[in-house]
There are 2 protein chains.
Amino acid sequence: MPEKTRATVRGPYRTGIRRREQLVAAAIEVFAEHGYAGGSLRAIAEHAGVSHASLIQHFGSKEGLLTAVLEEWDRRTVQDGLADISGLDYFRRLPEVMAAHQDNRGLLELFTTIAAEASSPLHPAHGFIVRRYATNLATLADHLRQARAAGDIAAMSDAQIDIEVRLVTAALDGIGLQWLLDPSTDVAASVSTYVERAIASWVSGRGDDRR
Amino acid sequence: MPEKTRATVRGPYRTGIRRREQLVAAAIEVFAEHGYAGGSLRAIAEHAGVSHASLIQHFGSKEGLLTAVLEEWDRRTVQDGLADISGLDYFRRLPEVMAAHQDNRGLLELFTTIAAEASSPLHPAHGFIVRRYATNLATLADHLRQARAAGDIAAMSDAQIDIEVRLVTAALDGIGLQWLLDPSTDVAASVSTYVERAIASWVSGRGDDRR
DNA sequence: GTCTATACGCAGATAGAC
DNA sequence: GTCTATCTGCGTATAGAC
């Protein structure tokens with residue numbers, strides 16, 4: 001990616017980059033309201049005041065536009081709010097991070113849908129989603145290993161750590177989906193119950209998670 | 001539904017019913033391979049050796065066909081394997097039930113995708129999925145209440161029970177998705193870790209799940 | 001009663017004018 | 001770079017064959 005975006009760009013790139021951001025913003029709005037399949041390029045183009053052919057020109061395909069939107073989602077959520085937090089505190093912050101998603105129902109809906117659709121190896125975003133989950137799980141595992149090294153939790157094998165971070169991720173994904181299906185779902189309380197119980201188990205090193 | 005299907009049906013219904021089953025089977029194959037959006041009526045029709053118009057005639061719309069497929073999935077999975085099991089044993093059986101899904105990757109892919117897509121209130125299967133989750137959660141809650149009544153677990157409020165069954169469901173859904181994205185995921189071990197820890201917590205009635 | 005042939009509108013994608 | 005056709009394939013609806 002050549003977009004180093006120095007403070008002062010002389011030539012034609014500036015408008016191209018800003019245009020791109022506008023298009024992604026329009027895509028987010030439309031996808032968030034109508035989903036990926038339901039949000040047509042023509043609708044997004046109309047929203048942004050361009051032709052749908054122009055969207056293809058910028059992003060190569062609808063998939064390319066989708067990927068750009070997902071990267072924007074990543075930038076907005078994962079990076080924000082959880083920087084400078086590490087070890088067990090990272091897990092303790094998860095309930096409020098999830099709760100914050102409730103302000104952005106459309107984006108959660110979009111990401112949940114894409115993650116599931118992309119489970120098919122044939123889906124255009126399959127590689128992106130697989131990579132994203134791998135990165136996410138690795139980050140969680142790092143924090144858990146850090147807690148282990150610091151002596152905050154009892155001994156735990158790397159295989160156990162893998163299972164633990166997968167279960168945390170599953171809880172977040174699953175509760176998110178249930179909230180989408182039934183907004184009366186108490187997201188923060190559910191996630192909090194899970195995280196607190198998991199941490200308690202890690203600290204005491206009880207047998208129910210040793211195999 | 002007028003399909004009482006007496007042992008001997010005189011007239012034209014027989015072929016109609018059997019045809020319907022053939023079409024659903026073809027739809028399952030195609031949906032399982034290409035997903036819902038990617039599985040066109042024309043492809044399903046070709047697979048079944050009929051015209052795509054005939055599919056519409058039988059099921060009214062693509063949504064109708066989808067609903068028939070999902071009901072078939074329900075019939076194959078939830079009903080089978082868990083009948084005659086109750087109380088805590090119901091939860092103990094979940095790891096092997098989930099592990100059994102690994103023989104049927106296509107259907108798990110389909111159901112995961114539809115559940116996510118249908119999170120949008122505008123999706124044709126939204127009502128079906130919402131109802132299905134509500135029924136599922138209610139069933140799990142019944143078993144947990146039964147264990148409570150039998151004294152197998154410590155006291156637990158109905159609100160706590162709701163959270164617990166949502167977390168179990170989230171673990172199943174989330175681990176299933178992760179297995180789809182990364183087949184090296186140890187489904188049985190992950191689910192087993194979750195269920196055993198949850199049951200241990202219910203039995204001891206520790207403070208980490210009381211609020 | 002079932003099924004097919006056919007048509008309509010919309011989707012994503014491409015080619016070429018300006 | 002962006003637009004205006006235009007292509008192909010989709011879900012859907014209907015009329016009519018058998």
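Remember, predicted model here, so these are calculated numbers, not experimental data. We name chains A, B, ... by the order of the sequence lines, and we start the count at 1 in each one.
- Applying the side-chain hydrogen bond (donor to acceptor under 3.5 Å, both in side chains) rule to pairs touching residues 45-57 of chain B yields B:Glu29-B:His47, sequence neighbours excluded.
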Show the atom names and distances, to 0.1 Å, of all donor-acceptor pairs under 3.5 Å that link a side chain in residues 58-69 of chain B to residues at least two apart or in another chain.
unit_1: B:Ser61; atom_1: OG; unit_2: B:Glu63; atom_2: N; d: 3.3
unit_1: B:Ser61; atom_1: OG; unit_2: B:Gly64; atom_2: N; d: 3.2
unit_1: B:Lys62; atom_1: NZ; unit_2: B:Tyr36; atom_2: O; d: 2.8
unit_1: B:Lys62; atom_1: NZ; unit_2: B:Gly39; atom_2: O; d: 3.1
unit_1: B:Thr67; atom_1: OG1; unit_2: B:Glu63; atom_2: O; d: 3.0

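- Using a 30° and 60° split on the angle between ring planes, A:His143 and A:Tyr90 fall in the parallel class, below 30°.
- Atom CD1 of A:Ile56 and atom P of D:dT4 are 16 Å apart (whole Å).
- In this entry the distance linking CG of A:Leu23 with C1' of D:dT2 reads 12 Å, nearest Å.
- Contact between the side-chain N/O atoms of A:Ser54 and the OP1/OP2 oxygens of D:dC3 is found at a separation under 4.0 Å.
- Distance NE2 (B:His52) to P (C:dT4): 10 Å, rounded to an integer number of Å.
- Within residues 39-48 of chain B, the residues that have a heavy atom under 4.0 Å from DNA chain D are, in order of number, B:Gly39, B:Ser40, B:Leu41, B:Arg42.
- Checked against salt bridge (charged side-chain N to carboxylate O under 4.0 Å, His left out), B:Asp89 has the following partners two or more places apart in sequence or in another chain: B:Arg92.
- For residues 172-185 of chain A, the side-chain hydrogen bond (donor to acceptor under 3.5 Å, both in side chains) pairs, not counting sequence neighbours, are A:Gln102-A:Trp179, A:Tyr133-A:Asp173, A:Gln178-B:Arg166, A:Asp182-A:Ser184, A:Asp182-B:Arg166, A:Thr185-B:Arg166.
- Here the C1' atom of nucleotide C:dC3 and the CZ atom of B:Arg19 are 9 Å apart, to the nearest Å.
- Legend: residues meeting side-chain contact (heavy atoms from CB on, under 4.5 Å) with B:Ala141, ordered by chain and number and at least two apart, are B:Arg145, B:Ile161, B:Val165.
- A heavy-atom distance below 4.0 Å to DNA chain C is reached by these residues of residues 57-69 of chain B, ordered by number: B:Gln57, B:His58.
- For residues 104-115 of chain A, every residue pair satisfying the side-chain hydrogen bond (donor to acceptor under 3.5 Å, both in side chains) rule, not counting sequence neighbours, is listed here: A:Arg105-A:Glu109.
- Taking A:Asp158 as the reference, A:Arg148 meet the side-chain hydrogen bond (donor to acceptor under 3.5 Å, both in side chains) condition, with sequence neighbours excluded.
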